[in-house]
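What follows is one structure encoded as structure tokens, with my remarks underneath.
In what follows, every chain begins at residue 1, and chains take the letters A, B, ... in the order their sequences are listed. This is a predicted model, so every value here is computed, not measured.
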Number of protein chains: 2
Amino acid sequence: MDTETSPRLNYKFWIETKKGEGILGEGKWKLLKAIRDTGSLNAAIESRGLAYRQTWDKLKKIEQQLGFKLIEKRRGGREGGSTVLTPKGERIVAFFDHLYDKAENDMKRLFDEMIDELEDIME
Amino acid sequence: MDTETSPRLNYKFWIETKKGEGILGEGKWKLLKAIRDTGSLNAAIESRGLAYRQTWDKLKKIEQQLGFKLIEKRRGGREGGSTVLTPKGERIVAFFDHLYDKAENDMKRLFDEMIDELEDIME
DNA sequence: ATCAGAAATGCTAAGGACTCATAACTGCGG
DNA sequence: CCGCAGTTATGAGTCCTTAGCATTTCTGAT
């Protein structure tokens, strides 16, 4: 049985510029996966509970920072439009897949090693 | 010599509630260290380039979330006042020291393993 | 030509962050 | 015992970023 207050540890990876300005992390990684899965920016955004306006702006900024396109957007057609990942977009998704996959074991072990010290502090 | 665009990877740890609400991370860890070093909340905040108002509010919120005090503040006296870490505050600092210390090697290795794939994407 | 529905963008409201100002506190020197 | 010093504590206005809504634009398919 858990204590009422049982804080836990978490971690996060992201890509940043040389100056430490964040470019792309977990949020966009998952968004890109949703775009890949749905074929639609709109649907992807809805599925992740995000706002279209800001997400669109953020994606634009990210692509500017990276210097290449992550997604290929098309307007018109029977379905109104569609969005697919560019090859580099696919590779970014794969990159984060690999990164988090490789990190998982280390993180589990690390947190296991540390959790006692933490819970000890929390009582 | 570096390429003009050379993004890098970074990582971060934090303590969160069971529901995933962030409680305390790198920023406050460093602030606590500065408090410990200076003996003054005011001086610590200035040394880290933060704003007193928000920092004070944030610390208050953190202590509420944790259920115990991280710092012991005193007003008055020749020096006007002072702030020191509580024993638990000290232990939180030590905890993050240990956490980042232990993680460093794994992270270095992981990022080394992944950096080629990343730079390959970036060209 | 029309339609459908997603992409794209402008505008306003809301909320949070930042700044400044000022009060409150109290150990210590005199 | 009184006042000083300077830090802690808090209120309030301003600014700025973000959220939310409304509307327009686009174009392949029918």
Side-chain angles (χ1 to χ4, degrees), chain A residues 14 16-17 19-28 30-66 68-86 88-89, chain B residues 14 16 20-28 30-66 68-86 88-89:
Chain A
W14 68 93
E16 66 181 21
T17 65
K19 284 117 197 151
E21 187 190 3
I23 300 179
L24 189 153
E26 207 171 319
K28 295 307 168 294
K30 290 179 178 172
L31 176 66
L32 290 177
K33 291 176 92 148
I35 292 172
R36 184 187 57 187
D37 293 345
T38 60
S40 157
L41 177 56
N42 200 34
I45 285 169
E46 276 183 16
S47 77
R48 302 220 38 83
L50 305 173
Y52 189 92
R53 194 63 174 82
Q54 296 96 283
T55 304
W56 196 91
D57 283 344
K58 191 80 216 297
L59 283 172
K60 188 175 166 189
K61 186 183 176 185
I62 291 171
E63 292 183 331
Q64 278 175 1
Q65 289 177 306
L66 291 175
F68 55 81
K69 296 274 182 198
L70 292 170
I71 55 183
E72 201 66 54
K73 293 169 281 188
R74 298 157 54 93
R75 289 196 287 191
R78 174 142 185 77
E79 307 292 312
S82 63
T83 299
V84 297
L85 300 191
T86 62
K88 291 203 173 190
Chain B
W14 69 93
E16 66 181 20
E21 185 190 4
I23 300 179
L24 189 153
E26 209 170 317
K28 296 307 168 296
K30 290 179 178 171
L31 176 66
L32 291 176
K33 290 176 93 147
I35 292 172
R36 183 188 58 187
D37 293 344
T38 60
S40 157
L41 177 56
N42 199 35
I45 286 169
E46 276 183 17
S47 78
R48 299 218 42 79
L50 305 173
Y52 189 91
R53 194 64 173 82
Q54 295 99 283
T55 304
W56 196 92
D57 284 344
K58 191 82 215 297
L59 283 172
K60 188 177 167 189
K61 186 183 176 186
I62 291 172
E63 291 184 332
Q64 279 175 0
Q65 289 176 305
L66 290 175
F68 54 81
K69 296 273 181 197
L70 291 170
I71 54 183
E72 201 67 53
K73 293 170 282 188
R74 298 157 56 92
R75 290 196 286 191
R78 173 140 187 77
E79 307 292 311
S82 63
T83 299
V84 297
L85 301 189
T86 62
K88 291 202 172 189

**Message:** Please confirm whether the shortest side-chain N or O distance from B:Lys73 to OP1 or OP2 of D:dT7 is below 4.0 Å.
**Reply:** no
**Item:** Phosphate OP1/OP2 of D:dT8 contacted by B:Thr83 side-chain N/O (<4.0 Å)
**Value:** yes
**Asked** So which one's nearest nucleotide on DNA chain D is more toward 5', B:Gly80 or A:Glu79?
**Response** B:Gly80
Roughly how far apart are [X] [atom1] and [Y] [atom2], rounded to 0.5 Å?
X	Y	atom1	atom2	value
B:Ile62	B:Asp57	CD1	CG	11.0 Å
A:Glu46	A:Leu41	CD	CG	10.5 Å
B:Glu63	B:Lys61	CD	NZ	13.5 Å
B:Lys28	B:Lys33	NZ	NZ	15.0 Å
A:Ile71	A:Lys88	CD1	NZ	15.5 Å
B:Asn42	B:Ser47	CG	OG	10.0 Å

Between [N] atom [atom2] and [X] atom [atom1], what is the distance in whole Å?
X	N	atom1	atom2	value
A:Lys58	C:dA8	NZ	C1'	19 Å
B:Leu70	D:dT8	CG	C1'	17 Å
B:Arg78	C:dC25	CZ	C1'	17 Å
B:Asp57	C:dT19	CG	C1'	14 Å
B:Leu41	D:dG6	CG	P	17 Å
B:Lys61	D:dT10	NZ	P	17 Å
A:Leu50	D:dC21	CG	P	15 Å
B:Leu31	D:dT8	CG	P	11 Å

**Message:** Between B:Trp56 and B:Ile45, is the side-chain contact (heavy atoms from CB on, under 4.5 Å) condition met? List the steps.
**Reply:** CA-CA 9 Å; B:Trp56 196 92; B:Ile45 286 169; 5.9 Å; no
**Fill in**
Here the pair of heavy atoms bringing B:Glu16 nearest to B:Gly22 is CB-CA, 4.1 Å
Using a cutoff of under 3.5 Å, can you pull out all pairs of nitrogen or oxygen atoms linking the protein to nucleotides 10-12 of chain C, with atom names and distances?
from: C:dG10; atom 1: N7; to: A:Arg53; atom 2: NE; distance (Å): 3.1
from: C:dG10; atom 1: N7; to: A:Arg53; atom 2: NH2; distance (Å): 2.7
from: C:dG10; atom 1: O6; to: A:Arg53; atom 2: NE; distance (Å): 2.7

**Message:** For D:dT7, does the base pair up with any side-chain atom of B:Arg75 as donor and acceptor (N or O, under 3.5 Å, distance only)?
**Reply:** no
Strictly under 3.5 Å: I want the nitrogen or oxygen pairs between protein and nucleotides 15-19 of chain D, one per line.
from: D:dA19; atom 1: OP2; to: A:Gln54; atom 2: NE2; distance (Å): 2.9
from: D:dA19; atom 1: O5'; to: A:Gln54; atom 2: NE2; distance (Å): 3.3

**Request:** Could you check which of C:dA6, C:dT9, C:dG29 has an atom nearest any side-chain atom of A:Trp56?
**Result:** C:dT9
**Asked** Do side-chain atoms of A:Thr86 reach the backbone of A:Leu70 as a donor and acceptor pair under 3.5 angstrom?
**Response** yes
**Request:** Starting from the 5' end of DNA chain C, give me the residue, B:Tyr52 or A:Arg74, whose nearest nucleotide shows up first.
**Result:** A:Arg74
